[in-house]
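Just so you know, these numbers come straight off a predicted model, no measurement behind them.
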Amino acid sequence: MDDCKALNSFDGRKCSFETWLSLYAEKAALNHIRQSLYPTSRLSTIFAAMGVDVAGKEEAIDRQGDILEPTHKFVLRLLYDESLSFEEAANVLGVAPQVVRSLEGEAWGRIRMACRPAICELAQ
């Protein structure tokens with residue numbers, strides 16, 4: 001978010017400047033964390049954390065990663081690689097637990113729809 005535009009969004013009738021600044025800082029920090037972690041979410045790492053034998057197939061699996069948005073991969077990473085609960089993952093993302101559940105469902109739906117040979121072989 002452009003900092004100057006954000007400052008223009010402050011409305012003193014809705015809250016104090018301290019409250020607005022605190023909320024803005026929290027949102028900016030969460031966005032920074034999300035953006036720095038999204039690129040490190042690899043599909044092969046997520047599958048390995050789920051107990052799937054990915055030895056020697058990591059590259060092929062990671063090429064299939066384009067079926068998922070970075071947000072979907074990050075949610076799967078939080079839930080399976082880092083073993084966080086829906087509530088804990090929601091706290092990391094700064095969203096409600098239901099949003100995390102929805103993102104997980106969307107991710108698995110995309111994986112099922114685009115099930116390519118490399119991923120299908122692993123699932124069997």
With the side chain counted from C-beta on, respond yes when Leu76 and Trp108 share a heavy-atom pair under 4.5 Å apart, and no when they do not.
yes

Evaluate the side-chain hydrogen bond (donor to acceptor under 3.5 Å, both in side chains) criterion for residues Thr19 and Ser22: first the C-alpha distance (whole Å), next the side-chain angles of each, then the deciding distance (0.1 Å), finally the verdict.
CA-CA 5 Å; Thr19 301; Ser22 172; over 6 Å; no

From CZ (Arg101) to CD (Gln98), nearest 0.5 Å:
5.5 Å

To the nearest 0.5 Å, tell me how far Lys73 NZ sits from Asp81 CG.
13.5 Å

Euclidean distance, Cys15 SG relative to Leu23 CG, rounded to 0.5 Å:
6.5 Å

Who are the side-chain hydrogen bond (donor to acceptor under 3.5 Å, both in side chains) partners of Ser83, not counting sequence neighbours?
none

Separation of Leu103 CG from Phe86 CZ (nearest 0.5 Å):
10.5 Å

Hey, could you give me the CD/OH distance between Glu104 and Tyr80, rounded to the nearest 0.5 Å?
3.5 Å

Considering residues, nucleotides and ligands other than Glu59, do more than 12 of their heavy atoms fall under 6.0 Å from its CD?
no

State, yes or no, whether a side-chain contact exists between Leu79 and Val100 at a heavy-atom distance under 4.5 Å.
yes

Note, Trp20 side chain near Asp11 side chain (heavy atom, < 4.5 Å):
no

Can you tell if the side chain of Glu69 reaches within under 4.5 Å of the side chain of Arg110, non-hydrogen atoms only?
yes

